[in-house]
Amino acid sequence: METKYIFVTGGVVSSLGKGIISASIGKLLQARGYKVTIQKFDPYINIDPGTLNPYEHGECYVTEDGFETDLDLGHYERFTGIHTTRNNSITTGRIYKTVIDRERHGDYLGKTIQVVPHITDEIKRRMLRTSPAPSQGGECLTGRESDSPSSPLGRSGEVLDFVITEVGGTIGDIESAPFMEAIRQLRYQLGRNAVCVHLTYVPYLKAADELKTKPTQHSVKELQGMGIQPDILVLRTERHLDDGMRMKVASFCNVDLECVIQSEDLPSIYEVPVNMQRQGLDAAIMRKIGIPVGETPAMKPWHAFLDKQRGATNEVHIALVGKYDLQDAYKSIRESLNLAGIYNDVKARLHFVNSEEITKQNIGEKLEGMQGVVICPGFGSRGIEGKIIAAEYTRTNDIPTFGICLGMQMMVIEFARNVLGYEDANSAEMDNLTPHNVIDIMEEQKSITQMGGTMRLGAYECKVLKGCKTFEAYSQSEQSTPLAHREGSEESLFIKERHRHRYEFNNQYQQEYEAAGMKCVGINPAANLVEIVEIPEKRWYIGTQFHPEYTSTVLNPHPLFMSFIKACK
C-alpha cells in the first residue's frame with residue numbers, strides 16, 4: 001500500500017505527552033503488522049539538542065548513527081523497538097541551515113528565498129522523507145549537518161507503511177507556524193493518505209468541581225484557523241470524561257465521537273498503548289485513512305510485561321548521583337532501571353542525590369538505605385568531586401555501583417587517587433595541567449575546536465573479555481537488544497553500544513590499573529580504547545564509557561541494567 005502519514009500536534013499547554021501518544025500509535029500499528037517509523041520536528045533554532053543544558057530540554061538522546069536528538073526519540077525506541085536515525089529528528093535550525101546552504105550554493109538560481117515556499121517545502125520534504133528535487137542540486141550541506149533522507153524507507157530499507165510525525169511545541173507558538181503550514185499543504189496533497197491527531201488538555205477546576213472543554217475548543221479553533229481540521233482528538237485529563245462531555249467536544253470541534261479519545265492519568269506510561277487500543281485509537285486512524293480495521297491484535301508480550309509490572313511488589317532502592325535535579329535529565333537511565341526492575345520482579349525506587357552537596361562527612365547519610373548506586377553521566381567540572389567521593393564510598397563498602405560515561409571516568413579517577421596513590425589524578429577535561437591525566441582526550445582530537453566536533457557519537461564496537469561480570473551479563477541475557485549485534489567465541493564477545501563523550505581512559509595507565517584490581521574488560525578493537533572497567537572482586541562495580549540506557553526497551557531490557565538490579569536485590 002502507499003505510505004500513510006500521521007501528524008501529531010498539541011494544544012493548550014506543553015508537556016501533555018505527545019511523544020508517548022506518538023509512540024503508542026506506532027506500537028499499535030506495529031501490532032497490526034505494519035512497518036512504522038516516528039519522527040520529531042522541533043521548532044527551536046538550535047541545530048540539535050547537543051549543546052542545550054539539560055535544564056532547558058532534558059536528556060539528549062543519541063541515535064545509532066551518532067546524532068544528538070530530542071528525548072522523545074527514546075520513547076519511540078523503547079515502545080516500538082525501532083532504531084531511529086538523524087532523519088527522525090529535525091529542528092527549525094536544520095531546516096533553515098539546509099535552505100541557506102542551498103541558497104549560498106546557487107541552487108535557487110537567484111530567486112528570493114521565503115518562508116513559503118522554500119522553508120515549508122523543505123519541511124514537507126523531510127516529513128515525507130524524500131530526496132531533494134534534482135533541480136535543487138542536492139542539499140550541499142557542510143559540517144555536522146550532512147544528512148540526506150533518501151526515500152520514505154525504514155532503516156533497513158523496507159518500504160514504510162506509516163510515517164508518524166510529532167511536531168513539538170503548542171499550537172499558536174510563533175515558531176511552529178511554518179510546520180503547521182507544511183502540514184496544511186500536505187493534508188491537501190495527500191488526501192486520505194494523511195490524518196491529523198491533535199492532543200489537548202481538559203483541566204479540572206476543583207472549586208467548581210467541573211472539567212472544562214473550552215481550552216480544547218479554542219485550541220481546535222486556532223488549528224482550524226491555520227487551515228487544519230483535526231481528524232482525531234486525544235484529550236489529556238486527570239479525571240474520567242463521560243460520553244456527554246466527549247459528545248460536546250465532538251460537536252464543537254467537528255470530530256466524530258469515536259475519534260474523541262481520552263488519555264487519563266495512569267500508573268505507568270506503558271499502560272497508555274493498551275488504553276489507547278481499548279478506546280479504538282488505532283482503529284479510528286485506519287478508518288480515517290480507508291484501511292479495513294479487522295480484529296484487534298492481542299499484544300501478548302506487552303500485556304505480559306504489564307502483568308509483571310503490576311506483580312512487582314518488593315522494592316529496591318537505587319541512588320542516582322548526578323548534578324541535574326530534573327527527572328528528564330536522566331530519562332533513559334530512569335526508564336532502563338525501571339524496566340530492569342520489573343523483569344527482576346521488583347520496583348526500582350530511584351532517589352536523586354545531588355553530587356554538589358556530597359562531602360566525605362555526609363556521604364554515608366546521603367546513601368543510607370541504598371541497595372545500589374548509579375553514578376550519572378554529564379559534562380563539565382561541576383559536581384565531579386561528589387561523584388568521586390560516592391565512588392570511593394561504594395567501592396570500599398561493596399555497594400553495587402554502575403558508572404555511566406562521566407560516571408565511569410569518576411570511578412577511574414577515584415581508583416587512581418585512593419588505590420594507585422596518585423592524589424592529583426584527574427581528567428584533562430577538568431584539569432589540563434594534572435600530571436596524572438588518567439582520563440584524557442585522544443591525540444587526533446586535540447586540534448578540533450568546533451563544539452561537538454571532538455565527540456565520539458553513535459554505535460561503536462566493543463570486545464568484552466571472558467571471565468567478568470560484564471561478559472556474563474551479555475552472554476546470559478536472552479532479552480537484550482544488543483544481542484542483535486552479538487558475535488564472538490568462548491573467549492570474548494563483540495557488542496555494539498552508543499557513545500556520547502569526548503575524553504577517554506588513558507591507556508598509559510592500563511597495566512597499573514589491572515595490577516591493582518580494576519580490570520579493563522571491554523575494548524574498542526578499532527582504536528584500542530577502553531570501553532568497560534570492572535573490579536571483579538566486588539559484588540558489582542562496573543563502569544561503561546558508552547550509554548547502555550539508549551538501547552534498553554520495554555520488551556528487551558538491557559543486560560547490564562538487568563544484571564545490576566539483580567545484584568542490588
Side-chain angles (χ1 to χ4, degrees), residues 316 318-321 333 336-337 339-341 343-346 348 370-377 390-405 407-412 414-415 419 461-483 485-499 505 510 513-525 529-552 556-569:
V316 59
I318 309 294
L320 299 182
V321 178
I333 292 175
S336 297
L337 289 167
L339 294 172
Y343 280 98
N344 275 287
D345 300 313
V346 294
M370 297 297 108
Q371 293 157 271
V373 174
V374 175
I375 303 178
C376 295
E392 179 187 13
Y393 184 85
T394 59
R395 179 180 59 80
T396 55
N397 288 277
D398 201 11
I399 299 171
T401 306
F402 195 171
I404 299 175
C405 198
M408 170 264 204
Q409 295 175 5
M410 296 304 102
M411 293 164 74
V412 168
E414 184 279 322
F415 196 88
V419 178
E461 195 172 66
C462 175
K463 180 181 180 181
V464 183
L465 304 179
K466 188 178 181 180
C468 62
K469 290 183 175 65
T470 306
F471 183 94
E472 292 175 6
Y474 276 104
S475 60
Q476 293 178 6
S477 174
E478 295 299 327
Q479 296 169 315
S480 160
T481 301
L483 285 182
H485 305 292
R486 190 174 71 174
E487 298 176 7
S489 63
E490 293 183 358
E491 299 303 319
S492 62
L493 196 64
F494 287 90
I495 59 170
K496 273 189 178 179
E497 295 283 6
R498 301 183 201 179
H499 296 66
F505 181 96
Q510 183 173 346
Y513 275 91
E514 298 264 3
M518 179 174 275
K519 306 298 183 182
C520 301
V521 300
I523 306 293
N524 173 263
L529 297 171
V530 174
E531 301 274 23
I532 309 170
V533 296
E534 178 179 322
I535 302 181
E537 68 179 26
K538 299 298 179 183
R539 282 197 292 154
W540 211 97
Y541 196 85
I542 296 174
T544 65
Q545 187 70 85
F546 51 78
H547 289 260
E549 69 272 19
Y550 291 148
T551 53
S552 196
N556 298 109
H558 194 283
L560 287 180
F561 284 100
M562 291 283 287
S563 177
F564 172 65
I565 293 293
K566 185 177 181 180
C568 294
K569 287 174 61 179

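For the numbers below, each heavy atom of this structure counts, side chains included, while hydrogens, waters and symmetry mates do not.
Across Phe402 and Pro548, no two heavy atoms sit closer than the pair CZ-CG, 3.6 Å. Closest non-hydrogen pair, Tyr541 versus Ala391, comes out as OH-O, 3.1 Å. The shortest heavy-atom contact between Leu465 and Cys520 is CD1-O, 4.0 Å. Contact between Ser475 and Leu493 at its shortest, heavy atoms only, is N-CD2, 4.0 Å. The nearest pair of heavy atoms linking Gln371 to Pro400 is O-CD, 3.5 Å.
The backbone N or O of Glu514 sits less than 3.5 Å from a side-chain atom of Lys519, completing a donor-acceptor pair. Judged by distance alone, with hydrogens and angles left aside, the side-chain atoms of Asn524 form no donor-acceptor pair with the main-chain N or O of Val530 at under 3.5 Å. Between the side chain of Glu534 and the backbone N or O of Cys468 there is no donor-acceptor pair closer than 3.5 Å. Although no hydrogens or angles enter the test, the distance criterion places no donor-acceptor pair under 3.5 Å between the side chain of Tyr550 and the main chain of Glu497.
A search for side-chain contact (heavy atoms from CB on, under 4.5 Å) contacts involving Cys405 returns Pro377, His501, Gln545, His547, not counting sequence neighbours. Contacts of Ala348 classified as side-chain contact (heavy atoms from CB on, under 4.5 Å), with partners at least two apart in sequence or in another chain: Val316, Asn338, Leu350. Residues forming a salt bridge (Lys or Arg N to Asp or Glu O under 4.0 Å) with Glu549 (at least two apart in sequence, or on another chain): none. In this view, Glu531 and Arg456 satisfy the salt bridge (Lys or Arg N to Asp or Glu O under 4.0 Å) rule, not counting sequence neighbours. Under the side chain to side chain donor-acceptor pair (under 3.5 Å) criterion, Glu414 pairs with Arg395, Asn418, not counting sequence neighbours. Arg498 meets the side chain to side chain donor-acceptor pair (under 3.5 Å) test with Tyr61, Glu77, His83; sequence neighbours excluded. Partners of Phe415 according to the ring pair (Phe, Tyr, Trp, His ring centres under 6.0 Å) rule, which considers only residues two or more places apart in sequence or in another chain, are Tyr513. In this view, Asp398 satisfies the side chain to side chain donor-acceptor pair (under 3.5 Å) rule with no residue, not counting sequence neighbours. Every residue two or more places apart in sequence or in another chain that forms a side-chain contact (heavy atoms from CB on, under 4.5 Å) with Asn397 is listed here: Tyr393, Ile399. For Ser563, the side-chain contact (heavy atoms from CB on, under 4.5 Å) partners two or more places apart in sequence, or in a different chain, are Ala473, Trp540. Listed by chain and number, the residues in a side chain to side chain donor-acceptor pair (under 3.5 Å) with Thr401 are Thr394 (sequence neighbours excluded).
The NE2 atom of His499 sits 8.0 Å away from atom OG1 of Thr544, with the distance rounded to the nearest 0.5 Å. Once rounded to the nearest 0.5 Å, the distance linking CE of Met411 with CD of Glu392 reads 13.0 Å. Remark: Ile565 CD1 to Ser336 OG distance equals 10.0 Å, nearest 0.5 Å. The CD1 atom of Ile375 lies 12.0 Å from the CD atom of Gln409; values are rounded to the nearest 0.5 Å. In this structure, CD1 on Ile404 lies 4.0 Å from CD1 on Ile333, to the nearest 0.5 angstrom. Annotation: the span from Ile318 atom CD1 to Phe561 atom CZ amounts to 10.5 Å, rounded to 0.5 Å.
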Could you please spell out the steps behind the side-chain contact (heavy atoms from CB on, under 4.5 Å) verdict for Phe505 and Leu529?
CA-CA 7 Å; Phe505 181 96; Leu529 297 171; over 6 Å; no
Test side-chain contact (heavy atoms from CB on, under 4.5 Å) on Ile542 and Phe564; report intermediate values, then the result.
CA-CA 9 Å; Ile542 296 174; Phe564 172 65; over 6 Å; no
Check the pair Tyr474, His558 against side-chain contact (heavy atoms from CB on, under 4.5 Å), reporting the backbone distance first and the verdict last.
CA-CA 9 Å; Tyr474 276 104; His558 194 283; 3.2 Å; yes
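By the neighbour-count criterion of 12 heavy atoms within 6.0 Å, atom NZ of Lys538 is densely surrounded, having more than that number from other residues, nucleotides or ligands.
In this structure, Leu560 and Phe546 have side chains that are in contact, with non-hydrogen atoms separated by less than 4.5 Å.
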